[in-house]
Amino acid sequence: WVSQDGEDGAVKALVETQFPQVHYMQHIDHTSLGKASAGESDNYYKISRHYGWAFRHVFADPRYNWAIVLEDDIEIAPDFFNYMVAGAAL
């Protein structure tokens, strides 16, 4: 799954053309953030809202019991997924 928080059409086009086996979902929410104080940054609230939305969608599907969350700029070791699968049984 790829969950995009935003409206950059190039991201969606890349996923759909280069990775057709990947489920693409897009989160767009322009409602009030409900910040505790007006001086706070929007970033925490927007990221938190997006993660909550994405997790609800993924785990609403009974086929999935766990997920691995990666940011788009992370580099992983060659054995990363094997390590995650082995740890999932714990």
Pair listing, side chain to side chain donor-acceptor pair (under 3.5 Å) test, anchored in residues 16-27, at least two apart: Gln4-Tyr24, Asp5-His27

Shared hydrophobic cluster, Phe59 / Val69 (ILVMFWY, side-chain heavy atoms < 4.5 Å): yes

Linked hydrophobic residues, Tyr45 as query - side chain contacts closer than 4.5 Å: Leu33, Tyr44

Residue pairs passing the ring-ring contact (aromatic ring centres under 6.0 Å, His included) test where at least one lies in residues 70-90, sequence neighbours excluded: none

Of all pairs that satisfy salt bridge (charged side-chain N to carboxylate O under 4.0 Å, His left out), the ones with a partner from residues 47-56, not counting sequence neighbours: Asp29-Arg49

CG on Asp73 to CG on Leu70, rounded to 0.5 Å: 10.0 Å

Pairwise distance CE(Met25) to NZ(Lys12) - rounded to 0.5 angstrom: 13.5 Å

Validation row: Val2, Phe19 side chains within 4.5 angstrom (heavy atoms): no

Partner residues of His57 under the ring pair (Phe, Tyr, Trp, His ring centres under 6.0 Å) criterion, sequence neighbours left out: Trp53

Residue list, ring pair (Phe, Tyr, Trp, His ring centres under 6.0 Å) with Trp66, at least two apart or on another chain: none

Between CD1 on residue Ile68 and CH2 on residue Trp1, distance to nearest 0.5 Å: 15.0 Å

